[in-house]
Amino acid sequence: MNQSTKAKIGFMSAFSVGSVLFSAHAGGGFATGNQANTYYVSLGWAGILSAVLAMLLLTLTMRQAMVMYNSRGLNTYKELFETLFHPFDKLELLFELFFYIMVLMAVSAAISGAATALSQYFGLNYYIGIVIVGCIVLVLTIFGASVVRKATTYMGMIILVTAITIYIVGIFKSQTSISSVISADFASAGFSNIPKALLNAFTYAGFQCVTLPTMIACGTTMTNKEGCAKSMWISFVMNTVALVLSIVMLLSWQGYYTAVENGTSIPTLTSCNAMGMSWLTAIYGLCLLLCLISTGVTTSFGFVARFSKLSIFDGMKSEASKNALVSAFVIILSMFVSLVGLTNIIKYGYGYCGYLAIVIIVVPFLTVGVVKNRKYLAENNGEFKNHE
């Protein structure tokens, strides 16, 4: 067995990889509360169970993807999906379609949202904000997976602390206790929302799989099956705690923000303002900005990791130069999408992309992927190959 496979993966190494997925998940939709309100709060008590299931599905999917990628020493997500779908290799084009659409939606929404946040909190011109945020995302994606791992580890820790602070304060400041809200919901809805909760869990996990290329690129430090599992269990805890707390807080404040004009678009901010605590609103602003930037970085980096390896860049010796060109392309295109006002329109594609991802990512990795990984590791004594 090679030395890298024998080596025990330390907690901080696994934590840094798990933080990448958390930072990617904790994007604008998460920070604003819009996604939680759309997919979970409307389901009442069943929404909490749906969120836990969604995070379990997401992390288990990422775990199998990382095991398949690292054990075989693969170099692109194209190779990963060809391996997953073999002998029907061309089915990997379905992931390409899903990924391109989701990257444009996620990055354009992140840049636009971050620029809006800078405008609202600091009075910065919206267009200048777009340029600043675009440059930050560009710089962080130029210097490779190690920089993304480090940046998202720190951002992930800050986001986790600030988000939990906001949600816990919000829960205790609510005039309606969460127990009474859940009791009233169960009395009126019972188990009727369970089918919808199951569908939403798969859909939510599905469109979050846009971060898969980033995860496999940043997860190459997980040189054995145990390391892949450890990093994703850490990520599961981080993601689940933050998401469930956000749902509980929003359930407590649902009666308020649904009665405010446009309150459901940014329910977390609407609720924070109602608490009358300026320091909490300031913390929320920091959390929102970091969430948006982290999504822009992690999502665009997956695109960079895929296309910087194309043969047209073979003449360029500098890895940073390759990353800069690809990153600049996707960021400029995303900024253009934001500028022409399509951000709000393309957000509606999240649900449909989620449905597609259930069929081409979540279910295949948790069925065929599990079988192929077990068979491969059994045949190779559990050894992981080195990436080129």
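Nothing fancy with the numbering, it's 1 onward along the sequence.
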## Note on the structure
The reported gap from CG in Leu243 to OH in Tyr40 (rounded to nearest 0.5 angstrom) is 5.5 Å
### Task
Check the pair Thr240 / Thr59 against side-chain contact (heavy atoms from CB on, under 4.5 Å), numbers first and verdict last.
CA-CA 10 Å; Thr240 303; Thr59 50; over 6 Å; no
### Task
Determine yes or no for a side-chain-to-main-chain donor-acceptor pair under 3.5 angstrom, with Trp45 supplying the side chain and Gly190 the backbone.
yes
### Message
Could you measure the distance from the OG atom of Ser192 to the CZ atom of Phe186? Nearest 0.5 Å is fine.
### Response
10.0 Å
### Query
Who are the side-chain hydrogen bond (donor to acceptor under 3.5 Å, both in side chains) partners of Asn37, not counting sequence neighbours?
Tyr257
### Summary
CE of Met232 to CG of Asn239, rounded to nearest 0.5 Å, is 8.5 Å
### Task
Count the heavy atoms belonging to other residues, nucleotides or ligands that lie under 6.0 Å from OH of Tyr100, then report whether that count exceeds 12.
yes
### Query
Leu250 and Gly33: which non-hydrogen atoms are nearest, and at how many Å?
CD1-O, 3.7 Å
### Query
Are the aromatic ring centres of Phe81 and Phe365 under 6.0 angstrom apart?
yes
### Query
So do Lys230 and Met222 actually touch side chain to side chain, heavy atoms under 4.5 Å?
no
#### Entry: Residue Lys225 excluded, over 12 heavy atoms near NZ under 6.0 Å
no
### Query
Has the side chain of Ser50 got a donor or acceptor atom that lies under 3.5 Å from a matching backbone atom of Ala46?
no
### Query
When hydrophobic residues are tied together by side-chain contacts of less than 4.5 Å, even through go-betweens, does Leu366 share a cluster with Met66?
yes
### Message
If you define the side chain from C-beta out and look only at heavy atoms, does anything of Leu91 sit under 4.5 Å from Ile360?
### Response
no
### Message
Quick check for you: to the nearest 0.5 Å, what is the distance between Met12 atom CE and Ser19 atom OG?
### Response
7.5 Å
### Query
Going by heavy atoms in the side chains, are Met275 and Ser271 under 4.5 Å from each other?
yes
### Task
Please round to the nearest 0.5 Å and tell me the distance separating atom CD1 of Ile358 and atom SG of Cys353.
11.5 Å
### Query
What are the two closest heavy atoms between Lys385 and Gly73, and how far apart are they?
CB-N, 3.9 Å
#### Entry: Shortest non-hydrogen separation from Arg72 to Val67 and the atoms involved
NH1-O, 4.4 Å
#### Entry: Any side-chain donor near an acceptor of the partner, Thr211 and Thr214, under 3.5 Å
no
### Query
Is there a path of hydrophobic side-chain contacts, each under 4.5 Å between heavy atoms of I, L, V, M, F, W or Y residues, that connects Ile164 with Trp279?
yes
### Task
Please step through side-chain hydrogen bond (donor to acceptor under 3.5 Å, both in side chains) for the pair Glu96 and Tyr77, ending with a clear verdict.
CA-CA 9 Å; Glu96 301 272 3; Tyr77 67 74; 3.1 Å; yes
### Task
Please test Val248 against Tyr167 for side-chain contact (heavy atoms from CB on, under 4.5 Å), starting from the C-alpha separation and ending with a verdict.
CA-CA 8 Å; Val248 170; Tyr167 299 143; over 6 Å; no
### Message
Quick check: closest heavy atoms across Leu43 and Ala197, and the distance to 0.1 Å?
### Response
CD1-CA, 3.6 Å
#### Entry: Contact summary for Gly206 and Val362, nearest pair of heavy atoms
CA-CG2, 4.0 Å
#### Entry: Beyond-backbone contact of Asn70 with Thr223, side-chain heavy atoms, under 4.5 angstrom
no
### Query
Quick one: does Met215's side chain get under 4.5 Å of Tyr69's, heavy atoms only?
no
### Min side-chain heavy-atom separation Leu97-Ile101 under 4.5 Å
yes
### Query
What are the two closest heavy atoms between Leu377 and Ser71, and how far apart are they?
CD2-CB, 4.0 Å
### Query
So do Pro364 and Phe95 actually touch side chain to side chain, heavy atoms under 4.5 Å?
no
### Task
Decide yes or no on side-chain contact (heavy atoms from CB on, under 4.5 Å) for Ile168 and Met249, but give the supporting numbers first.
CA-CA 7 Å; Ile168 290 177; Met249 190 206 78; over 6 Å; no
### Query
Distance-only, no hydrogens or angles: does the Ser235 side chain make a donor-acceptor pair with backbone N or O of Gly18 under 3.5 Å?
yes
### Message
Test of understanding: clusters of I, L, V, M, F, W, Y form through side-chain heavy atoms closer than 4.5 Å, transitively. Do Tyr204 and Ile194 belong to the same one?
### Response
yes
## Note on the structure
In this structure, CD of Gln64 is separated from OG1 of Thr367 (nearest 0.5 Å) by 10.0 Å
### Query
Given the rule that I, L, V, M, F, W and Y join up when any side-chain heavy atoms are under 4.5 Å apart, are Val370 and Leu212 in one cluster?
no
#### Entry: ILVMFWY cluster, Val137 and Leu325 together (side-chain gap under 4.5 Å)
yes
### Task
Keeping the roles fixed (side chain from Ser174, backbone from Ser177), state whether a donor-acceptor pair exists under 3.5 Å.
no
### Query
So do the side chains of Val17 and Ile9 get within less than 4.5 Å of each other, counting heavy atoms only?
no
### Asn381 side chain to Glu383 backbone, donor-acceptor under 3.5 Å
no
#### Entry: Donor-acceptor under 3.5 Å (Lys78 side chain, Glu92 main chain)
no
### Message
For Met55 and His25: C-alpha separation, side-chain torsions, deciding distance, then whether side-chain contact (heavy atoms from CB on, under 4.5 Å) applies.
### Response
CA-CA 10 Å; Met55 292 302 95; His25 171 224; 3.8 Å; yes
#### Entry: Check: Phe207 ring centroid to Tyr355 ring centroid under 6.0 Å
no
